[in-house]
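Just so it is clear: chains get the letters A, B, ... in the order the sequence lines come, proteins before strands, and each one is counted from 1. Below, all heavy atoms of this structure are taken into account, side chains as well, without hydrogens, waters or symmetry copies.
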Number of protein chains: 2
Amino acid sequence: MSASSRKPAVAPAPRGRVTVREVAKAAGVSMITVSRVINTPQQVSPATLERVHAAIDALGYVPNLMAGALRLSRSHLVMVLVPSVAGSLFAGMLTALTESLGAKGYQLMVGQSGYDMPREDALLRAIIGRRPDGLVLTGVMHSPQGRQLLQASGIPIVETWDTTATPIDMLLSVSHQEIGAAVSRYLFEAGKTRQAVLSGDDERARLRADSYVRTAIELGLPEPVVLHLPAPTTHAQGREGLRALQRTGRDVDGVFCTSDLMAAGVITEAMAQGLAVPGQLAVIGFGDMDFAASMSPSITSVHVDGAAIGAKAAEMIAARANGQRPAKAVVEIGFRIAARESA
Amino acid sequence: MSASSRKPAVAPAPRGRVTVREVAKAAGVSMITVSRVINTPQQVSPATLERVHAAIDALGYVPNLMAGALRLSRSHLVMVLVPSVAGSLFAGMLTALTESLGAKGYQLMVGQSGYDMPREDALLRAIIGRRPDGLVLTGVMHSPQGRQLLQASGIPIVETWDTTATPIDMLLSVSHQEIGAAVSRYLFEAGKTRQAVLSGDDERARLRADSYVRTAIELGLPEPVVLHLPAPTTHAQGREGLRALQRTGRDVDGVFCTSDLMAAGVITEAMAQGLAVPGQLAVIGFGDMDFAASMSPSITSVHVDGAAIGAKAAEMIAARANGQRPAKAVVEIGFRIAARESA
DNA sequence: CTGAAAGCGCTTACAG
DNA sequence: CTGAAAGCGCTTACAG
């Protein structure tokens with residue numbers, strides 16, 4: 001008895017699912033032809049095309065994309081890691097990514113990383129293990145182990161919403177340091193000299209807050225009061241934050257909030273107390289959420305073009321997947337302060 | 001020359017990626033043993049374990065999850081389709097799904113469907129093609145083709161955030177009809193008899209709005225004014241919506257907004273006009289977003305427990321993936337009106 | 001405790 | 001225009 005006549009070494013996977021094999025049998029053609037009908041129909045005669053399509057419809061065949069991906073080493077999958085899908089800060093980027101990638105034949109898989117870039121390998125391995133054709137990271141990866149794992153994977157990677165001199169691969173750079181400095185200067189030019197900052201305790205918000213403080217000092221102002229609050233920051237934290245600021249006994253005439261939701265909370269609290277905004281208290285937010293322009297008073301906010309980040313990231317990854325190197329591996333995204341009523 | 005001595009029929013996939021083969025060679029063991037080190041380490045001797053781990057680390061090996069999934073017909077992937085990742089209405093569900101599924105060894109893939117359940121096959125085929133171990137749909141699928149494709153796929157499916165007598169598979173039921181009716185009654189009991197509704201133009205918002213209108217009529221009130229606005233609805237639409245309502249010339253003392261963001265906009269506009277809320281105009285929102293409780297006036301809003309939906313969906317899918325049938329294929333989620341200052 | 005062989009479902013360069 | 005065979009990277013029941 002030859003070895004190959006043994007009972008199959010492995011129990012077959014649960015049958016019943018339709019595969020190319022069943023379609024081929026039903027249409028009276030080979031599996032190759034079925035594959036061609038799906039991928040390169042121009043190579044198939046009209047009559048065959050019709051027979052195979054009929055079989056596909058009759059059997060409800062949907063090709064297994066994982067098998068194809070394995071064969072071709074192309075998953076047509078791009079992953080993006082955001083701190084939280086809850087916050088709307090990255091909504092513009094996610095929408096642009098979905099649409100730009102969709103147009104290029106990729107699907108987007110959204111993962112949540114929490115508010116700090118994960119230092120443990122687990123999440124990274126789960127990502128690399130799926131062999132995405134690209135990976136978009138919100139923030140830059142600092143952990144040497146993480147960087148090495150990603151670099152070794154060969155996956156095209158775009159780090160964004162932050163900046164670094166040593167990107168893993170490609171970078172869509174946003175300088176929170178410049179943002180913090182610009183906000184302090186903006187308030188200073190508006191005559192606000194007693195500055196404070198309500199900051200989320202995540203890495204990038206801290207960068208904005210620290211730079212804001214440094215700049216105020218450079219401008220010769222008293223050192224701003226800083227309050228750190230757990231990210232993701234909320235409207236309620238804005239209200240409570242203003243009260244906490246007041247409890248410090250320091251007189252404050254301008255507050256930078258590292259999110260618009262917090263800024264709205266500060267304004268709500270200020271108005272409830274009868275404080276004039278911006279007269280007695282100027283407020284600047286971050287993110288330029290939809291509601292910032294439409295509130296009363298409208299909220300002055302730092303605008304970062306998330307849609308541009310998404311579109312650009314999609315482009316870079318698609319280019320790389322096609323074997324091209326992008327024109328530039330590092331692109332500056334920039335920001336602007338949308339000046340409105342609150343400051 | 002035998003057929004098998006021909007040059008390989010297919011160009012090999014881009015090499016250089018580390019596979020079990022390389023690890024096995026480096027550790028001086030078989031591929032099977034490497035697989036065991038990763039999946040069932042208790043079956044491997046300590047000495048071998050150590051050698052293989054050393055090889056894995058040295059080579060930076062990360063197992064290809066797609067290959068494993070293909071072999072085992074288990075992707076450990078669950079997909080969820082939401083109208084938009086931008087809106088925060090589903091944030092609680094997404095967070096709960098991510099966490100509950102993560103604890104069970106699944107990864108969540110978030111897809112955007114737009115504000116109506118897709119009628120075209122394209123998206124559905126992209127989903128089924130990935131062979132997820134479960135699928136969570138925001139809303140119910142009406143299209144017969146879509147229903148059939150999904151049913152035939154054999155993928156455990158949870159429809160939610162809506163209700164139907166004929167679920168494809170499992171259902172976490174939310175009745176927008178009951179919600180609309182409850183809101184109209186709530187306003188009526190608060191003495192508001194000249195009711196209006198600002199509704200998104202998506203399917204579920206329409207259900208709430210229509211039921212609200214019917215209920216007001218049943219209560220003997222004049223037929224409410226209805227304004228439909230493009231989803232996803234915004235703060236700015238709330239402000240403009242109130243003005244549009246006023247332009248109809250109808251006197252209104254209670255408005256149901258099918259999102260909290262719109263409700264906040266209506267309140268902003270009312271206050272800008274010097275209207276007392278809720279005295280002259282009561283406002284009720286939907287979604288019970290974080291900020292609803294913290295604004296001033298705080299916003300009365302319909303609360304649906306999204307986190308419960310996420311956790312329950314994860315549980316149902318995991319049970320089904322383990323071959324169990326869930327205790328109940330249909331579970332009522334319910335809602336409550338969080339009574340606050342605005343109504 | 002360790003290994004050989006088969007197969008998950010697909011696709012492509014070559015031959016006819 | 002159509003088909004045979006090999007192989008993408010992994011895992012498992014059986015044998016030793």
Side-chain angles (χ1 to χ4, degrees), chain A residues 1-25 27-49 51-52 61-76 128-131, chain B residues 1-25 27-49 51-52 61-76 128-131:
Chain A
M1 213 195 257
S2 79
S4 64
S5 74
R6 281 195 329 206
K7 167 159 167 262
V10 179
R15 301 321 327 268
R17 301 287 178 278
V18 182
T19 71
V20 260
R21 170 167 280 105
E22 280 76 53
V23 175
K25 198 165 297 178
V29 298
S30 72
M31 289 162 58
I32 306 177
T33 300
V34 175
S35 177
R36 274 201 276 254
V37 167
I38 291 163
N39 299 301
T40 52
Q42 67 281 8
Q43 293 181 22
V44 182
S45 78
T48 308
L49 215 50
R51 269 213 326 287
V52 174
Y61 173 61
V62 179
N64 185 329
L65 262 30
M66 287 195 309
L70 184 60
R71 178 61 183 76
L72 299 178
S73 306
R74 277 208 155 200
S75 61
H76 289 277
I128 297 172
R130 300 255 176 224
R131 300 294 191 267
Chain B
M1 214 198 256
S2 80
S4 63
S5 74
R6 281 195 326 202
K7 168 159 167 258
V10 179
R15 301 319 328 268
R17 302 287 177 277
V18 183
T19 72
V20 261
R21 171 167 280 106
E22 281 76 54
V23 175
K25 198 165 298 179
V29 298
S30 72
M31 288 161 57
I32 306 177
T33 301
V34 175
S35 178
R36 273 201 277 254
V37 167
I38 290 162
N39 299 301
T40 52
Q42 67 281 7
Q43 291 181 22
V44 181
S45 78
T48 308
L49 215 50
R51 267 213 326 288
V52 174
Y61 173 61
V62 179
N64 185 329
L65 262 31
M66 287 196 308
L70 184 59
R71 178 62 183 76
L72 299 177
S73 305
R74 277 207 155 202
S75 62
H76 289 278
I128 297 172
R130 300 255 174 223
R131 300 294 190 267

Expressed in angstrom and rounded to an integer, what is the separation of [X] atom [atom1] from [N] atom [atom2]?
X     : N      : atom1 : atom2 : value
B/N64 : D/dT11 : CG    : P     : 9 Å
B/L72 : C/dA6  : CG    : P     : 19 Å
A/L70 : C/dG7  : CG    : C1'   : 12 Å
A/R74 : C/dC10 : CZ    : C1'   : 16 Å
A/Q43 : C/dC14 : CD    : C1'   : 13 Å
A/L65 : D/dC8  : CG    : C1'   : 15 Å
A/R51 : D/dC1  : CZ    : P     : 14 Å
A/L49 : D/dT2  : CG    : P     : 9 Å

Listed nucleotide nearest any side-chain atom of A/V20, set C/dC10, C/dT11, D/dC10: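 Comparing C/dC10, C/dT11, D/dC10 against the side chain of A/V20, the answer is C/dC10.
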
Listed pairs under 3.5 Å, donor-acceptor, residues 34-44 of chain A side chains, sequence neighbours left out:
from	atom 1	to	atom 2	distance (Å)
A/S35	OG	A/N39	ND2	3.3
A/N39	ND2	A/S35	O	3.0

For B/R21, which residues count as a side-chain hydrogen bond (donor to acceptor under 3.5 Å, both in side chains) partner, sequence neighbours excluded?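 Counting only residues at least two positions away or on another chain, B/R21 forms no side-chain hydrogen bond (donor to acceptor under 3.5 Å, both in side chains).
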
For residues 31-38 of chain B, which residues have at least one heavy atom under 4.0 Å from DNA chain C?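 Listed by number, they are B/I32, B/T33, B/R36.
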
Just how far is it from atom OG1 of B/T19 to atom CE of B/M31, taken to the nearest 0.5 Å?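 With rounding to 0.5 Å, OG1 (B/T19) is 6.5 Å from CE (B/M31).
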
Structure string for DNA chain C in dot-bracket form, Watson-Crick and G-U at under 3.5 Å, | interchain: |||.||||||||.|||

Can a side chain N or O of A/S30 be found less than 4.0 Å away from OP1 or OP2 on D/dA4?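 Result: no.
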
Closer to the 5' end of DNA chain D via nearest nucleotide, is it B/A67 or B/T40?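 Between the two, 5'-proximity favours B/A67.
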
